[in-house]
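Predicted model, so just to flag it, every value in this text is computed and none were measured. Counting convention: from 1, in listed order, for ligands and their atoms alike.
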Amino acid sequence: MTETSKRIVVVTGGSRGIGRSICISMAGADTHIYFNYFNPVNPDEEAEKAKETENAIVDAGGSATSVSVDVVSEPAVNAFIDKIMEEAGRIDVLVNNAGITRDGLLVRMKTADWDAVLDTNLKGSFLCTKAVAKFMMKQRYGRIVNIASVVGASGNAGQANYSASKAGVIGFTKSVAKELASRGVTVNAVAPGFIETDMTAVLPEKAKEALIQQIPMGRIGKPEDVAAAIKFLASDDASYITGQVIHVNGGMY
Ligand code: NAP
């Protein structure tokens, strides 16, 4: 195991959207960022997007390594984390950001769509957190930030699977925070509202307009709005905050 003096940050789903923004906001000369992505349908396109994130991190003065790793696969997640420990000797920050939607009304929802969303959003967070927790506990230091969603607190018609996964992420965050607090590891969640990324780009214009009506600040959030809260929770300024959910939603809920 080699030791590095750099702060080691791991971000899941860093190739696009909020994950990319998190990577860029945390980039710096004293930080190395490992991020993953996974899309077996368009592997070349996603690898290209991951390269773009890597380049943006370098432009921001930092360094990065990206790998295609499915957060749903326990062996793949463990190999990813073990490799980082082998290379860097420590992990300071984990951001569980990878997530998907498979929207539909309950009565029409396919079991496969329920499973895919719960697996990626909730089981993926469990697997990655479990893999890093043992190392963070030994280090007696760590920052874990899980990405939930406003609908995990409010519910949303057409998103029973997604809302359940994000409510699960909130319960998971609060429980693991209690388990790891005495070891210097904080565990918090950020619950974004309606943020401009590929995930929301697929919504029809009318649905977007209706959503904006529900936002007191009158605009869709930017990935940077979410990344700023994550950067704070991952910093030493947040060392006495654990088991909390910060809502970044323009006053929506
Ligand atoms: P996005 O643009 O669709 O990006 C999703 C990221 O997750 C991509 O990097 C994707 O990799 C990765 N990913 C998906 N499945 C994966 C898997 N099995 N293993 C590893 N990586 C995987 O989504 P986003 O809008 O940035 O959302 C990021 C997080 O914020 C999610 O947890 C989402 O639920 C949450 N969130 C988003 C909003 C919003 O309005 N956008 C609101 C609330 C919460 P590829 O590039 O390889 O596909």
Contacts satisfying ring pair (Phe, Tyr, Trp, His ring centres under 6.0 Å) that involve residues 31-78 (not counting sequence neighbours) are H32-Y34
Applying salt bridge (Lys or Arg N to Asp or Glu O under 4.0 Å), which residue pairs with at least one partner in residues 203-215 are found, sequence neighbours left out?
E205-K208
Nearest heavy-atom contact between I147 and V169 is O-CG1, 4.0 Å
Protein neighbours of ligand 1 with a heavy atom under 4.0 Å, given by chain and number, are G13, G14, S15, R16, G17, I18, N36, Y37, F38, N39, E46, V69, D70, V71, N97, A98, G99, I100, T120, I147, A148, S149, Y162, K166, P192, G193, F194, I195, T197, D198, M199, T200
Side chain to side chain donor-acceptor pair (under 3.5 Å) partners of S125, counting only residues at least two apart
none
Please determine whether a side-chain nitrogen of the Lys or Arg among E52 and R16 lies less than 4.0 Å from a carboxylate oxygen of the Asp or Glu.
no
Could you check if a side-chain atom of T101 sits within less than 4.5 angstrom of a side-chain atom of V117, using non-hydrogen atoms only?
no
